[in-house]
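Inspection log for the structure reproduced underneath, given as structure tokens.
The structure presented is a predicted model; accordingly, all values stated were derived computationally and were not measured. All heavy atoms count here, side chains included; hydrogens, waters and symmetry mates do not. First the proteins, then the strands, lettered A, B, ... as listed; each starts at 1.
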There are 2 protein chains.
Amino acid sequence: MTLKQLEAFYWAATCINFAVAAQRVHLSVSSLSKRIGELENSLNVQLFDRSGRNAKLTERGEQLLPRVREFLRASVQLQQSVGQHLGLQGRCRLGMGELSALTWLPDLVRKAAELHPALEIEPCVDIGQVLEQRIDDGELDCVVIAGYASRNHLATEIVGDGQFVWVASRELIERAGADHPRLLIGNQTLVSLPDGAGSTRILDQWLSEQRVSVNRRLTCNNWGAVVGMFVAGTGFGFMPTRWAQELEARAALQILARDETLAPLTYAAQWRRDDSRLLISELREMIKFCFHLTAPRALT
Amino acid sequence: MTLKQLEAFYWAATCINFAVAAQRVHLSVSSLSKRIGELENSLNVQLFDRSGRNAKLTERGEQLLPRVREFLRASVQLQQSVGQHLGLQGRCRLGMGELSALTWLPDLVRKAAELHPALEIEPCVDIGQVLEQRIDDGELDCVVIAGYASRNHLATEIVGDGQFVWVASRELIERAGADHPRLLIGNQTLVSLPDGAGSTRILDQWLSEQRVSVNRRLTCNNWGAVVGMFVAGTGFGFMPTRWAQELEARAALQILARDETLAPLTYAAQWRRDDSRLLISELREMIKFCFHLTAPRALT
DNA sequence: CGCGTTTACGCCTCACGTAAACATC
DNA sequence: GATGTTTACGTGAGGCGTAAACGCG
């Protein structure tokens with residue numbers, strides 16, 4: 001029995017399949033499989049049931065899992081207890097939306113590098129739905145997305161709010177002869193992120209409140225591209241307030257109907273409820289700090 | 001950091017030197033040294049001070065030792081928690097005197113094999129003094145010898161008593177014209193185990209009580225040989241009561257002066273006070289059981 | 001010079017990844 | 001046939017022991 005075998009078991013047991021677990025331990029699937037096999041006949045116990053399509057934990061495997069979790073925790077605690085207190089260490093796969101990646105992520109990485117030099121943060125940028133699936137599968141340790149967890153074995157903690165405003169280019173406003181989203185929506189193109197993105201939720205909410213029908217809608221999974229289309233006059237839409245103010249100051253865009261408020265978007269950290277590693281709580285604290293540190297700063 | 005490295009560290013830290021520790025982990029000295037070196041720069045900490053003649057734990061090493069002990073205990077507990085409850089496992093080096101080896105040891109080995117099939121008992125037969133030194137050095141896990149521990153970091157538990165009687169061959173009695181040890185001791189050869197053996201202690205006690213001077217003394221570190229010399233008439237001495245009765249029944253020896261009692265010899269288990277492995281307490285229970293089981297049985 | 005530890009070095013095992021095979025849905 | 005896991009196999013790194021070197025008493 002080795003620590004590596006136990007780690008392999010832990011991740012194989014908590015990830016959706018061996019392929020995902022293999023990524024987590026930097027191994028090929030076949031090597032992971034072999035490691036688990038070694039552990040099994042080292043302990044002389046069948047830990048996985050391979051009869052089905054997916055390997056699933058046996059009863060003994062289920063019994064062993066929490067003990068292994070505790071043991072691995074003890075092992076990192078042992079390492080920390082002696083290693084010059086250089087903070088957390090290891091890998092941490094952190095999922096977030098693009099706006100987060102463009103705002104507080106750099107601060108988080110810098111802060112983490114200061115406080116925990118041995119901690120490797122691997123950001124993964126995608127839309128909320130995908131991130132939620134990935135953390136569920138075990139590919140990610142923690143995600144920060146809009147709204148609360150929709151899966152009951154994910155835990156949630158609110159990180160902060162994001163405020164959005166409607167924008168359009170001067171050219172589009174002139175072409176449409178109107179500068180209010182309720183008027184633009186009938187004959188201009190609404191550009192937004194795809195369904196599944198956190199910010200699209202508040203759009204859906206607004207649309208249902210307004211009871212207006214959308215003339216034409218264009219979605220793109222990249223905020224930079226979306227904003228580029230705002231600036232180019234391809235369409236209108238909404239974007240984070242601070243970023244919009246920045247662009248308005250440069251006369252690239254105009255903020256529309258400041259009274260027409262969109263609901264603020266609540267961002268929350270999500271993690272697996274059974275993942276009680278110190279890493280997770282520390283990370284959440286850092287995220288909250290960086291979120292509020294960066295919130296007032298404009299996007300460039 | 002691996003479990004093997006931690007085991008190497010544990011034994012190197014608790015044994016008198018690397019050579020003894022290397023035996024404990026079935027390794028050559030050089031490999032042990034390298035393993036510890038690997039652990040040190042894996043944890044980025046100097047665990048041993050190599051400046052002196054012997055490697056000695058540094059302050060950080062001292063701090064780490066109890067944590068490692070606890071961690072290794074947790075690791076075997078983890079293994080036991082899943083492995084079909086096949087009892088204790090691993091190696092156990094058990095020291096004892098020759099009489100113990102000839103009486104209750106076979107029972108202990110049989111019982112241990114039943115209860116703990118994965119437990120490897122390695123008996124080490126020697127005289128008490130040597131055993132005490134060896135457990136001190138870390139070569140043995142537990143010893144059963146006469147009397148209490150003379151070193152204060154060894155713990156003690158009484159296992160039982162052994163009773164001895166004086167014996168001589170018929171031929172020697174006739175030659176000496178006497179059948180009492182007080183009379184024989186002046187002109188016959190007293191055969192016994194060497195100094196440092198447990199049974200010699202009660203001889204010394206008897207001699208100082210009797211205030212007699214020994215004519216000629218012959219020591220041999222093997223009970224079989226000593227008894228052989230009794231039978232051959234080379235000399236007289238004392239031996240375990242049950243064994244003597246067996247030989248008397250075969251007319252090989254005569255028991256002398258049944259009223260001239262030697263103090264019973266108290267046997268005690270000794271182990272390192274800081275070694276709180278479950279193995280040790282379990283072993284002690286088995287030893288006590290076997291000691292009393294076998295005590296009434298005669299030696300062959 | 002003896003004893004304890006480390007370094008040097010050749011050897012061999014073990015663990016990895018690629019690719020194919022197998023199994024299930 | 002697509003997906004998920006295991007087996008086969010060639011390769012490379014790491015851990016082993018022997019033997020020599022080092023360093024303190």
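Between A:F71 and B:F71, the ring-plane angle classifies as parallel under the 30° and 60° cut-offs.
For B:R53, taking side-chain heavy atoms from C-beta onward, the closest of the listed nucleotides D:dC16, D:dG23, D:dG4 is D:dG23. The side chain of B:F18 sits closest to C:dT5 out of D:dC16, D:dT5, C:dT5.
Atom NZ in B:K4 sits about 11 Å away from atom C1' in D:dC16, given to the nearest Å. Rounded to an integer number of Å, the gap from A:F48 CZ to D:dT5 P is 9 Å. A:R50 places its CZ atom 13 Å from the C1' atom of C:dA23, with the value rounded to the nearest Å. Across the protein-nucleic acid pair, B:N41 atom CG and D:dG15 atom P stand 11 Å apart, rounded to whole Å. With rounding to whole Å, B:L32 atom CG is found 9 Å from C:dT5 atom P. The CD atom of A:Q5 sits 12 Å away from the C1' atom of C:dC14 (whole-angstrom rounding). Atom-to-atom, CG of A:N54 to C1' of D:dT3 comes out at 8 Å; the value is rounded to the nearest Å. Rounded to an integer number of Å, the gap from B:L27 CG to D:dC16 C1' is 8 Å.
More than 12 heavy-atom neighbours from other residues, nucleotides or ligands sit within 6.0 angstrom of CZ on B:R50.
Nearer the 5' end of DNA chain C, as judged by each residue's closest nucleotide, is the contact made by B:S33, out of B:S33 and A:S30.
The line from CG of B:L279 to CZ of B:R73 is 10.5 Å long, rounded to the nearest 0.5 Å. Once rounded to the nearest 0.5 Å, the distance linking CG of A:D49 with OG1 of A:T58 reads 7.5 Å.
Taking only side-chain nitrogens and oxygens, B:S31 never comes nearer than 4.0 Å to OP1 or OP2 of D:dG15.
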